[in-house]
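Scope of the values below: all heavy atoms of this structure, side chains included, with no hydrogens, waters or symmetry mates. Quick note on labels: first sequence line is chain A, next is B, and so on, each numbered from 1.
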Amino acid sequence: MKNTEVASRLYEIADFLEMQDIEYKPRAYRNAARSIEALSEDIEAIHERDELQDIEGVGESIAEKIAEYLDTGELEYYQRLKDDLPVDVEALTRVEGLGPKRVKQLHDALGVATLDDLEDAAEDGRIASVEDFGEQIQENVLEQIETAKRGEERMLLGKIVPTARHLETHLYDAPAFDQVDVVGSFRRHRPTVGDLDILALANDSEQAMETFCTLDAVTEVIERGETRSSVTLSDDLQADLRIVDEASYGAALVYFTGSKDHNITLRDRAIDNDWKLNEYGLFDAEDDKLAGETEAEVYEELGLSWIPPELREETGEIDAAEADALPDLVQPNDIRGDLHVHTTASDGDNTIREMAEHAASNGLEYVLITDHGPALSVVGGPSESEFMDQKEAIDDANDATDVTVLHGLEANITEEGLDISQEWATECDLLVAALHDTPDQPTENVIHAFDAYPVDIFAHPLNRLLNEREPLDFDLDALVETAAEERTAFEINAQPERLDFDWRSVKQYRGDVPFVVSTDAHSTAELDALDLGVAQAQRGWCEGDHVLNTNPLDELLEYFA
DNA sequence: GCCGTTTTCGGCCCGACTGTTTTCAGTCG
């Protein structure tokens, strides 16, 4: 999947063009880059069908360039731009406050081409002497450069939930605030989040900004205005606070929740009526306000039903809202059991009993214990006889808790099938199987495992690790088809670094193969992350019927029987 | 460079904040 790679090339071209003061072209390249990033399909497949120009924002010229890049791995136009102005614009613009224009100025005045050059120039005090620059910008550069050098890693949604909730509560409890909402991609439950966008109603905005900028967690105030401030938090996360009026709160919620593409389509819809939509409200041609206080009223005036944040990715939700055909999304409370749970028998921190008790206290009806199979040597799963010995602990946990404890295994998919015997497989109430490495023939191996063993659940199917490991390059059509025939479900894994099956694939294949949402918990605390997995199912437009573990246990087992 | 129920030319989102400025350009979201 080269979508991200292609998009970054186009972004860089946009920056180079902007450095030359060329108008409008940069926007065109960025629009194209953005739609390519948002594609659920592999751009190479689109290119093979010769349909690049069907991508929003991609016309003849950009399509040719993408084709050249995919076919040859080179892009002459890009290379020429870079040769003319040999500057690492991608890295340099990561410095907050530096855009293409200022990068060009620094290059022309001081020959700055890399982050190291920039750092040297700032330390020598040369930046302050460049026209239009000054002490302040130089100081900012010095402060920002380490962050820029680390690169543009987005935070894992699951890792920042505690920070976000803490901030939200803390501000909400402060006297100056009447209402606080974390918005942006966090509210949409995107698997990764770039920063925290916070929206608030304040009875004293001066005091509210003071409270925000002096929070314990704040290490630096980037900017501070009357309605907007930006800070860096101790875990290197940036948080932005925007204060709006009550009359605009709904419009601001829409605006700052995004996604950008969703907002653009909403705005176009307003423009079609000769109206205007912005963060302050929906206005008619006479500038009279039609809506703004609540989200629902903004959507309603636009002829749409309210759209859950998880769906706001401009993947058809606006048409569906117009037709009153939005999915009735699966909800966290619908989930009756967790079907992927580790214990001290492999790499978990807690015993079967402890995991079961915690699952019960979370209100679950059943839990499937799935330690690793024996082939994952690093992790040290139970041997076949140790697995048999586990049965006693399973029985004890069943006696001691209100939750039904099932005995399963997370077997490892190998070139030969699974890392367990057929006899062992039949001893499992339910059998989970997963890949834990990057095989040469992933599709063949998985299909073989599905054929040869009674696999019930295919766990973290793409075996991706966010920010670390790309998803496997599967023939997903073939896998889904086999899984459906063999009555094998695909897992939506709730671990913060996985959130795999990816929501785009969930949307594409829902209805073709059933899903389960599981935590893959390795400790009692991780059992609480089920909601994150459910949010990914929601992003994939799943209704309750698409998710098997919304069923009572007897119906669940019936499916796999 | 892209796009079109204003379609083959003439538009292209826009408001807040900052810094270095006497009135604005660049950046960001």
Side-chain angles (χ1 to χ4, degrees), chain A residues 10 13-36 52-66 77 81 89 92-106 127-141 143-144 152 183-186 193-199 205 209 213 221-231 238-244 248 251-252 254-281 283:
Chain A
L10 298 179
I13 290 176
D15 285 344
F16 279 120
L17 293 170
E18 193 157 352
M19 284 193 276
Q20 298 177 20
D21 260 333
I22 293 171
E23 282 191 288
Y24 301 115
K25 283 193 195 185
R27 185 195 319 248
Y29 277 93
R30 289 194 185 110
N31 284 342
R34 236 169 355 93
S35 13
I36 289 165
L52 287 173
Q53 285 195 55
D54 290 352
I55 300 169
E56 185 79 23
V58 176
E60 196 180 337
S61 171
I62 293 182
E64 271 176 24
K65 294 184 174 74
I66 297 171
Y77 181 65
L81 289 167
V89 64
L92 288 166
T93 52
R94 279 206 302 264
V95 178
E96 181 94 28
L98 286 194
K101 297 281 174 70
R102 284 182 180 151
V103 166
K104 172 81 158 50
Q105 278 178 286
L106 289 174
I127 287 180
S129 63
V130 177
E131 197 181 349
D132 293 331
F133 287 64
E135 293 288 343
Q136 191 59 51
I137 292 181
Q138 179 165 285
E139 206 175 296
N140 286 350
V141 165
E143 279 170 12
Q144 297 290 330
E152 205 157 17
V183 290
S185 46
F186 182 87
V193 174
D195 58 15
L196 280 182
D197 294 307
I198 304 167
L199 191 67
S205 58
M209 284 304 178
C213 292
V221 177
I222 300 168
E223 65 179 38
R224 179 172 171 172
E226 283 177 35
T227 63
R228 202 181 85 191
S229 291
S230 251
V231 301
Q238 184 176 323
D240 301 337
L241 173 67
R242 292 178 174 81
I243 292 176
V244 298
S248 301
V254 172
Y255 188 85
F256 293 115
T257 297
S259 66
K260 187 163 183 169
D261 289 333
H262 177 87
N263 287 351
I264 288 173
T265 306
L266 288 183
R267 191 163 51 230
D268 287 348
R269 213 179 154 81
I271 291 168
D272 287 346
N273 286 325
D274 253 347
W275 297 344
K276 182 179 74 177
L277 175 66
N278 57 29
E279 61 264 56
Y280 300 105
F283 302 89

Using a heavy-atom cut-off of 4.0 Å across all strands, would you classify [X] as base, sugar-phosphate, or nothing?
X: A:Leu17; answer: nothing
X: A:Lys65; answer: sugar-phosphate
X: A:Val95; answer: sugar-phosphate
X: A:Pro100; answer: sugar-phosphate
X: A:Glu23; answer: nothing

If I pick the [atom1] atom on [M] and the same atom on [N], what distance separates them, to the nearest angstrom?
N: B:dC2; M: B:dT7; atom1: C1'; answer: 13 Å
N: B:dC3; M: B:dT8; atom1: C1'; answer: 10 Å
N: B:dC17; M: B:dT21; atom1: P; answer: 22 Å
N: B:dT18; M: B:dG11; atom1: C1'; answer: 30 Å
N: B:dC14; M: B:dT20; atom1: P; answer: 29 Å
N: B:dG10; M: B:dG15; atom1: C1'; answer: 25 Å
N: B:dG19; M: B:dT23; atom1: C1'; answer: 13 Å

Scan residues 130-141 of chain A for pairs that pass salt bridge (Lys or Arg N to Asp or Glu O under 4.0 Å), counting only residues two or more places apart or in two chains. none
What is the distance from [atom1] of [X] to [atom2] of [N], rounded to the nearest Å?
X: A:Ile264; N: B:dC3; atom1: CD1; atom2: P; value: 13 Å
X: A:Leu98; N: B:dA25; atom1: CG; atom2: C1'; value: 14 Å
X: A:Asp240; N: B:dC28; atom1: CG; atom2: C1'; value: 9 Å
X: A:Arg34; N: B:dG29; atom1: CZ; atom2: C1'; value: 12 Å
X: A:Gln105; N: B:dC24; atom1: CD; atom2: C1'; value: 13 Å
X: A:Asn263; N: B:dC14; atom1: CG; atom2: C1'; value: 13 Å
X: A:Glu18; N: B:dC12; atom1: CD; atom2: P; value: 17 Å
X: A:Glu60; N: B:dC2; atom1: CD; atom2: P; value: 8 Å

Go through the structure and list residues passing salt bridge (charged side-chain N to carboxylate O under 4.0 Å, His left out) with [X], not counting sequence neighbours.
X: A:Lys65; value: none
X: A:Asp272; value: none
X: A:Asp197; value: A:Arg242
X: A:Glu96; value: none

Closest nucleotide of DNA chain B for A:Ala28 versus for A:Tyr255: which of these residues is on the 5' side? A:Ala28
Given DNA chain B, 5'-ward residue of the pair A:Lys101 and A:Ala63, judged by closest heavy atom: A:Ala63
Over all atoms of both residues, closest heavy-atom pair of [X] and [Y]:
X: A:Val58; Y: A:Ala32; answer: CG2-CB, 3.9 Å
X: A:Leu10; Y: A:Ala33; answer: CB-CB, 3.9 Å
X: A:Leu98; Y: A:Phe133; answer: CD2-CE2, 4.4 Å

Which one is paired to B:dG15, where only Watson-Crick or G-U wobble pairs with both distances under 3.5 angstrom count? B:dC28
If you check every side-chain atom of A:Ile62, which of B:dG1, B:dG26, B:dG29 has the closest atom? B:dG1
List the residues meeting side-chain contact (heavy atoms from CB on, under 4.5 Å) with A:Tyr280, not counting sequence neighbours, and say none if there are none. A:Ser248, A:Asn278, A:Phe283
Within the structure, does a side-chain N or O atom of A:Tyr29 lie under 4.0 Å from either OP1 or OP2 of B:dG1? yes
How does protein contact run along nucleotides 16-22 of chain B, one letter per nucleotide 5' to 3', with B for base contact, S for sugar-phosphate only, - for none, heavy atoms under 4.0 Å? BSSSS--
List the protein contact pattern of nucleotides 4-9 of chain B with one symbol per nucleotide (5' to 3'): B for base contact, S for sugar-phosphate-only contact, - for none; contact means a heavy-atom distance under 4.0 Å. ------
Mind checking what makes side chain to side chain donor-acceptor pair (under 3.5 Å) contact with A:Ser230, not counting sequence neighbours? A:Gln238, A:Asp240
How long is the span from the CG atom in A:Leu17 to the CZ atom in A:Arg30, to the nearest 0.5 Å? 9.0 Å
